[in-house]
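The structure under discussion appears below in the form of structure tokens.
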There are 2 protein chains.
Amino acid sequence: MMTPTESQQVLYSIGAVERDTGLTKDTLRVWERRYGFPTPLRDLHGERVYSHEQVEKLRTLKRLLDRGHRPGRIIDRSLAELVELADAAPAQAAAGELAEPLHALIALVRQHRVAELRQELGQAVMRQGLAGFLTDTVGPLNRAIGDAWMRGQLEIFEEHLYTETMQSTLRGAIASIPQHGRPPRVLLTTFPNEQHHLGLLMAEAMCALEGATCVSLGTQTPIFDIVMAADSHRADIVALSFSAAYPAVQVADGLEELRTKVPARVAIWAGGTNAGLQRRAIEGVRVIGGLAAVGPAIADWQAATGVA
Amino acid sequence: MMTPTESQQVLYSIGAVERDTGLTKDTLRVWERRYGFPTPLRDLHGERVYSHEQVEKLRTLKRLLDRGHRPGRIIDRSLAELVELADAAPAQAAAGELAEPLHALIALVRQHRVAELRQELGQAVMRQGLAGFLTDTVGPLNRAIGDAWMRGQLEIFEEHLYTETMQSTLRGAIASIPQHGRPPRVLLTTFPNEQHHLGLLMAEAMCALEGATCVSLGTQTPIFDIVMAADSHRADIVALSFSAAYPAVQVADGLEELRTKVPARVAIWAGGTNAGLQRRAIEGVRVIGGLAAVGPAIADWQAATGVA
DNA sequence: TCATCATGTTGTCTAGGACAAAAGATTGAC
DNA sequence: GTCAATCTTTTGTCCTAGACAACATGATGA
């Protein structure tokens with residue numbers, strides 16, 4: 001058996017750190033030059049070699065950047081201080097009073113009781129109805145899971161497990177919604193580099209529930225292909241999902257580019273937890289503020305187009 | 001109305017090309033230096049700007065590299081010649097005689113008839129049984145779709161549509177397999193940067209069919225987390241899936257690292273269409289050569305561990 | 001015929017320097 | 001005091017060109 005110290009003797013190349021943290025090699029090198037962190041060792045050939053601890057701190061930094069923090073302000077703090085910072089943030093937005101059932105679900109994730117988790121989620125759909133499940137369970141649960149992960153209360157693989165299980169649940173639920181082929185026809189996808197599939201599935205479920213005809217392209221469709229797909233499927237609405245981690249610049253740029261390339265008769269809707277959506281309004285793009293706003297938006301569309 | 005020439009005036013930055021092709025910035029620059037391709041223009045600030053045509057050729061090149069071609073040998077050829085090459089390759093491995101039903105399915109994808117595609121796939125599962133569906137339909141179909149895409153017969157969004165639909169079908173099928181909690185316990189996932197979810201689902205379906213207890217973490221789990229997850233779930237087998245596009249170096253490195261960190265009593269299995277798997281054997285890692293090999297592998301495991 | 005060795009080939013890493021875009025701070029007008 | 005415009009700082013991404021290890025290929029000899 002190895003001691004903890006020995007087992008932590010894991011070293012990462014700059015390429016490995018890029019993969020694990022989502023920070024590019026350029027950024028890693030320029031941070032080292034500017035801020036003096038990280039401070040990788042060098043191997044025989046003079047190449048950077050990162051310790052497990054540094055990678056851990058880099059991952060936490062990345063999460064905080066996604067929340068709007070700036071590297072220069074926080075990079076000097078210790079990992080413990082960063083975690084504290086992460087803890088403080090969600091407290092503002094109604095943290096403590098997580099509903100009891102949610103705690104139970106999180107507990108199942110942390111205890112790796114997959115079969116029970118799957119069953120509980122399935123039963124919750126039945127109990128609350130899909131719409132209630134989405135707004136009252138999935139939404140808050142996603143946030144709680146993300147927070148727990150950042151606080152170090154949840155490992156990455158536990159988050160993966162949750163995501164995978166929830167994906168199955170949602171797909172099962174979506175498959176059980178009868179599709180009549182009635183308008184509006186909604187095309188759902190995300191921009192390249194946006195991998196968050198759960199948000200997309202939630203949107204798809206919500207639209208299908210409201211009687212729309214949904215076609216999902218999955219995640220990461222190049223803009224030019226979204227345009228072609230909207231045309232091919234004669235979509236009435238193109239719906240995009242943006243997670244918190246997606247760069248705000250690319251949200252605005254992408255939506256503007258998409259708006260110019262897609263015919264005006266096709267509506268563009270954007271939703272998700274991304275902060276950039278609230279900041280600057282984009283002409284001809286409707287921002288959907290949460291799942292509850294999907295129903296009214298579809299009602300608006302039907303009213304505007306005179307569909308019975 | 002713009003002329004075709006004007007509308008093609010789409011220019012890509014080196015970062016955009018990296019995202020769209022999967023070739024790193026480093027590789028793009030070194031190719032330009034060494035082979036004289038690509039030959040991007042420069043913008044006002046001297047930064048590289050790639051034309052749509054060059055990006056197209058780069059994408060095709062990447063696909064050919066994934067098949068084992070070497071850049072120096074093929075980079076000078078025209079896009080048409082490359083496409084021809086892509087056409088010729090699968091001819092070796094039983095190309096022409098694609099079963100009739102597969103052609104019909106591909107036709108549905110190209111005509112964007114989603115509802116029918118979904119229904120046909122569901123019926124195929126019933127008709128062939130899940131095992132037959134996986135080996136005779138999904139496997140060949142994946143390859144055919146990939147080929148068609150490379151030949152320019154299929155747009156990216158059409159491939160996305162196929163993937164999304166197939167994912168729903170497979171998840172539905174997996175959900176319908178009763179799980180008894182019997183050994184072996186199989187943990188399924190992919191390495192970071194490996195996004196190909198379909199291969200993973202196919203593996204999960206196959207294992208579940210053979211009576212194993214499956215836990216999937218989805219794609220892109222850091223190696224350290226795979227180790228923790230294997231421990232938490234008391235996994236008997238860790239199964240990894242590698243698509244053709246995944247760099248062969250990272251396959252070998254990753255598997256070796258994983259082997260040293262996971263207890264010896266846990267088996268490591270690797271499968272998928274990645275060429276690197278065949279090249280060099282890794283001590284303590286079993287390479288699963290295709291879906292049909294899953295059954296025997298599980299039988300072997302059961303025999304070796306004396307499980308009835 | 002097969003193993004060993006030399007030769008290409010290829011991707012990834014190195015070093016600072018440069019600059020645009022966004023965020024933050026300051027100023028001035030009403 | 002509030003808001004808009006301008007200045008300053010911060011920050012990520014791009015630039016050049018050299019180096020080298022890992023792998024594939026071809027040549028050599030047993």
Side-chain angles (χ1 to χ4, degrees), chain A residues 11-19 21-37 40-50 58 61-62 64-76 193 245-253 256 275-276 279-280, chain B residues 11-19 21-37 40-50 58 61-62 64-76 193 245-253 256 275-282:
Chain A
L11 297 177
Y12 301 81
S13 73
I14 193 169
V17 177
E18 176 179 39
R19 281 195 302 278
T21 64
L23 298 162
T24 69
K25 295 177 194 128
D26 275 326
T27 301
L28 288 167
R29 284 193 276 254
V30 93
W31 279 10
E32 183 181 341
R33 204 196 313 165
R34 286 200 189 130
Y35 311 120
F37 182 88
L41 304 174
R42 298 296 178 132
D43 68 7
L44 300 165
H45 314 295
E47 303 195 349
R48 291 173 176 78
V49 165
Y50 297 82
L58 286 168
L61 280 169
K62 176 61 166 50
L64 288 167
L65 293 202
D66 293 341
R67 289 216 176 174
H69 287 272
R70 307 184 63 181
R73 295 268 153 197
I74 56 174
I75 203 166
D76 287 329
N193 259 16
Y246 201 74
V249 199
Q250 289 179 38
V251 176
D253 284 4
E256 262 165 6
R279 257 208 302 261
R280 178 162 53 113
Chain B
L11 298 176
Y12 301 81
S13 72
I14 195 169
V17 177
E18 176 179 41
R19 278 197 299 277
T21 64
L23 298 162
T24 68
K25 296 178 193 120
D26 276 329
T27 302
L28 288 167
R29 285 194 274 255
V30 93
W31 279 10
E32 183 182 339
R33 206 196 310 168
R34 284 199 190 129
Y35 311 120
F37 182 89
L41 304 173
R42 298 296 178 128
D43 67 6
L44 300 165
H45 316 293
E47 304 196 348
R48 292 173 176 77
V49 165
Y50 297 82
L58 285 168
L61 280 168
K62 176 61 164 51
L64 288 166
L65 293 202
D66 293 342
R67 291 215 177 169
H69 287 272
R70 306 183 65 181
R73 296 269 154 200
I74 55 174
I75 203 165
D76 287 330
N193 257 20
Y246 201 74
V249 197
Q250 289 178 36
V251 175
D253 283 4
E256 262 166 6
L277 287 174
Q278 316 303 334
R279 259 211 300 263
R280 178 163 53 112
I282 293 154

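Quantities reported herein were computed from a predicted structural model and do not represent experimental measurements. Chain A is the first sequence line, chain B the second, and so forth, proteins listed ahead of strands; every chain is numbered from 1.
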Next on the checklist: Check this for me: does any side-chain nitrogen of one of Arg48(A) and Glu18(A) sit under 4.0 Å from a carboxylate oxygen of the other?
Outcome noted: no
Item to check | CD1 on Ile14(B) to OH on Tyr50(B), rounded to 0.5 Å | outcome: 4.0 Å
Item to check | Under 4.0 Å protein heavy-atom contact, by nucleotide of nucleotides 15-21 of chain D - B base, S sugar-phosphate only | outcome: SBBBB-S
Can you measure [X] atom [atom1] to [N] atom [atom2] for me and round it to whole angstrom units?
| X | N | atom1 | atom2 | answer |
| --- | --- | --- | --- | --- |
| Arg73(B) | dT25(D) | CZ | P | 9 Å |
| Lys62(A) | dG12(D) | NZ | P | 10 Å |
| Glu18(B) | dC14(D) | CD | C1' | 12 Å |
| His69(A) | dG12(D) | NE2 | P | 14 Å |
| Leu61(B) | dG11(C) | CG | C1' | 15 Å |
| Asp43(B) | dC14(D) | CG | P | 11 Å |
| Arg70(A) | dA25(C) | CZ | C1' | 11 Å |
| Leu23(B) | dT10(C) | CG | P | 13 Å |

Checklist entry - Contact class for Ile75(A) (heavy atom, under 4.0 Å): base, sugar-phosphate, or nothing? => result nothing
Next on the checklist: Does Leu28(A) reach a base, just sugar-phosphate, or nothing at all? Heavy atoms under 4.0 Å.
Outcome noted: nothing
Checklist entry - How close do Gly72(B) and Tyr35(B) get, heavy atom to heavy atom, and via which atoms? => result CA-CE2, 4.0 Å
Next on the checklist: If you compare all heavy atoms of Leu58(A) against all heavy atoms of Phe37(A), which two are closest, and at what distance to 0.1 Å?
Outcome noted: CD2-CE2, 3.8 Å
Closer than 4.0 Å, any side-chain N/O of [X] to the OP1 or OP2 of [N]?
| X | N | value |
| --- | --- | --- |
| Lys25(B) | dC14(D) | yes |
| Thr27(B) | dT12(C) | yes |
| Thr24(A) | dT13(D) | yes |
| Tyr35(B) | dT10(C) | yes |

Item to check | Within 6.0 angstrom of Arg73(A) CZ, more than 12 heavy atoms from elsewhere | outcome: no
Checklist entry - Which listed nucleotide (dG11(C), dT11(D), dG8(C)) is nearest to the side chain of Trp31(B)? => result dG11(C)
Just distance, no hydrogens or angles: give the donor-acceptor pairs under 3.5 Å from side chains in residues 24-31 of chain A, sequence neighbours left out.
from: Thr24(A); atom 1: OG1; to: Thr27(A); atom 2: N; distance (Å): 3.1
from: Thr24(A); atom 1: OG1; to: Thr27(A); atom 2: OG1; distance (Å): 3.0

Checklist entry - Any side-chain heavy-atom pair from Val49(A) and Tyr12(A) closer than 4.5 angstrom? => result no
